[in-house]
There are 2 protein chains.
Amino acid sequence: MKKSRQPTINDVAREAGVSKKTVSRVINRSPLLNEETRAKVEAVIARLGYVPNPQARALALRRNFLIGVVHDNPNAQTVLRVQRGILEVLRGTEFELVVRPVDRGSPTMLEDVRAFLERQRLFGVVLLPPISENDALAELCDSIGCRYVRMGSAQLDDPDHMVASNDREAVKEAVTYLIEMGHRHIGLVQGPHGFRSAMERRAGFEDALEAAGIPHPKSLVADGNYTFDSGFQAGVRLLDLLPRPTAIFCSNDEMAAGVLHVARQRGLDVPGDLSILGFDDTTLAAHIWPPLTTVRWPVSSMARSAALKLVGGLDGDAVEEPSMFLSTLIRRASVAPPRG
Amino acid sequence: MKKSRQPTINDVAREAGVSKKTVSRVINRSPLLNEETRAKVEAVIARLGYVPNPQARALALRRNFLIGVVHDNPNAQTVLRVQRGILEVLRGTEFELVVRPVDRGSPTMLEDVRAFLERQRLFGVVLLPPISENDALAELCDSIGCRYVRMGSAQLDDPDHMVASNDREAVKEAVTYLIEMGHRHIGLVQGPHGFRSAMERRAGFEDALEAAGIPHPKSLVADGNYTFDSGFQAGVRLLDLLPRPTAIFCSNDEMAAGVLHVARQRGLDVPGDLSILGFDDTTLAAHIWPPLTTVRWPVSSMARSAALKLVGGLDGDAVEEPSMFLSTLIRRASVAPPRG
DNA sequence: TTGTATGCGTTATCAC
DNA sequence: GTGATAACGCATACAA
């Protein structure tokens, strides 16, 4: 009677009348293999329903077939969209996705990640902003021998290790759209200091104003940290200004929702009294009222591409994945020409 | 010169002048061990910074130190909150989190999950609704020897394998609140057929009306599938009714946002012309305008508890984790007495 | 092209 | 209490 356990490489070898190594060669698609032998072994594999044991492979290869997402709690929607994108690519492969939040702030962050990577021996990791902007982290991955791909708002690494978006140009275009509508008094709610994305988006904002010859006093710039609450605070400050800005660009949608909240509390009409422009195009953007005009950050595509850079090209031919993704303006109802 | 690789159990054994097995005993906290030996070995472990290799352990134990989240794409926010809750518990432990979306619909769903569990040999899994309602899935986990905890809106399993919320009572209470405000003509946007959560929430809705002696014609019930769009469609249908309902309860926040959208498009004042009540208390609820009165589904606590049921009690004493969690009404601004 | 011997780092068996 | 030795399932070096 057959044991009820799952078949191992030994079972296959015995059934097929070959050695373990030959089976191993079939599994790993070794090129130097007699076609007949291969077919014979593959038949047995199929009949037995044999699947290589990942734990044993991990031990022997000193490498796990796991892809990690390492992030420090940026926007919840973003994390999820990244996961989805990666999972789309991983579906049907032998890879699994493991999620690893870390605390950028913490002085031991780098050591934490190192311990994680060394212990789990991940096949590769996707680094999310803002920690993806940390060069030391990338070097760490390299030195450990863990593949990595960084996601971010600017090209911080070579194309094999980076998927980036053109935030600066995209924001410039979006703010230019505001200007073309007639806005001259435009507020900015910027992202956290030290974030590359915040920097790029602010630069795009300034580019647009500069190109139009519009001055941009500091009073029209409010700090935020990408949260709804910080957007709310920033909105309070900006809408207290006299004269009030007729439009506000927010470095992400969540803060835009916060500004919108303030506007509503004050009975302001959006977009009549105030136009609001966001960034990200999370689901929130389309679900609030009025639907938010925003810049779509192609995070799903970026995540898919990142995953492909990691696991793709394993079948021999290197896949040429794009490493630059274009953010585009999504025009909805929160922007209109200034009144009167 | 020392090799640069990480120390293994052999290194520790050699340094400590004991056998591998003894080191193994120290690691696994074997009770029958000389205190002196233990101390000696532990000192060496600390000095060398030795950490057991998870891949080798997984192979030997036929069990991986991974916790899985198996879900079929329910609300994005929910997935994320669950992940966070679990990760809080896993932080600092030797466990990692792997995410596994599946396609309920698919005829091979059960086989997919089986293959996943058998191959990865997970330590345990958290099952999210609605697939957590599938008893066959639970039995499958059991038969494979994979621990599991189901999350859901009713007690579907014994406390060791279940964390549940009291949706029915919570909704009854919430709808009673609407009734006490003076509403008599209340619409319902229900969740997908076949979902236990949808059933429970609808039952709670009906309980409240029945207790108040209010009839509930079918015309006031609209179908939804927990998405914004379905909420929008349902809202269109309900707000076309004459007389128009003065309040609508939606089985989740996302659909409530959809209904709110319709109200806005028609220039209806919320809550003046229409009160809206949601369920979940996702971040969306507090971020839309007006802030949504909703029932808080304690998903984070439930997830933490689920994780603890899985990995807790490993140190000997079984932890007594609650398996029932109370949903509570969060009163915000989307509900008011009916006008006139 | 295929097989043999050995290693990967841990736990389990069963002596001592 | 502790240690030698054999699993665990696969891959690699080297030989045939």
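None of these values were measured; they are calculated from a predicted model. Chain A is the first sequence line, chain B the second, and so forth, proteins listed ahead of strands; every chain is numbered from 1.
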Write down the distance between [atom1] ([X]) and [atom2] ([N]), rounded to a whole number of angstrom.
| X | N | atom1 | atom2 | result |
| --- | --- | --- | --- | --- |
| B/Y50 | C/dG9 | OH | P | 10 Å |
| B/R119 | D/dC10 | CZ | C1' | 13 Å |
| B/E94 | C/dT10 | CD | P | 13 Å |
| B/R25 | D/dG3 | CZ | C1' | 8 Å |
| B/D11 | C/dC8 | CG | P | 11 Å |
| A/Q6 | D/dC10 | CD | C1' | 15 Å |

I'd like to know if B/R304 and B/E88 make a salt bridge, using a cut-off of under 4.0 Å between side-chain N and carboxylate O.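 Answer for the salt bridge query: yes.
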Hey, are the side chains of [X] and [Y] touching, using non-hydrogen atoms and a 4.5 Å cut-off?
| X | Y | value |
| --- | --- | --- |
| B/D135 | B/R150 | yes |
| A/H71 | A/V99 | yes |
| A/V70 | A/V102 | yes |
| A/E94 | A/P54 | no |

Nearest nucleotide by nearest heavy atom, which residue falls closer to the 5' end of DNA chain D, B/K20 or A/N28?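 Mapping each residue to its closest nucleotide by heavy atoms, the 5'-most match is B/K20.
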Should the pair A/F123 and A/F65 be assigned to parallel (<30°), tilted (30 to 60°) or perpendicular (>60°) ring geometry? perpendicular
Any [X] side-chain N or O less than 4.0 Å from OP1/OP2 of [N]:
| X | N | value |
| --- | --- | --- |
| A/T22 | C/dT2 | no |
| A/N10 | D/dG9 | no |
| B/S19 | D/dG3 | yes |

Using a heavy-atom distance cut-off of less than 4.0 Å, which residues of residues 53-66 of chain B contact DNA chain D?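 DNA chain D contact set from residues 53-66 of chain B: B/L59, B/A60, B/R62.
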For DNA chain D, what residues of residues 37-46 of chain A have any heavy atom nearer than 4.0 Å? none
Ignoring hydrogens and angles, answer whether the base of C/dA12 and the side-chain atoms of B/K21 contain a donor-acceptor pair closer than 3.5 Å. yes
Check every strand shown and say whether A/V23 touches a base, only sugar-phosphate, or nothing at a heavy-atom separation below 4.0 Å. nothing
Looking at every heavy atom in both B/A13 and B/S19, which two are closest together, and how far apart are they? CB-C, 3.8 Å
Can you check side chain to side chain contact (heavy atoms under 4.5 Å, CB included) on B/E36 and B/K40, steps first, answer last? CA-CA 6 Å; B/E36 283 178 39; B/K40 184 174 60 179; over 6 Å; no
Main chain of A/I9, side chain of A/K20: is a donor-acceptor contact present, judged purely on distance under 3.5 Å?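 Judged by distance alone, no pair lies under 3.5 Å.
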Closest to the B/N34 side chain: C/dT2, C/dT11, D/dG1?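 Taking heavy atoms from C-beta onward, the closest nucleotide is D/dG1.
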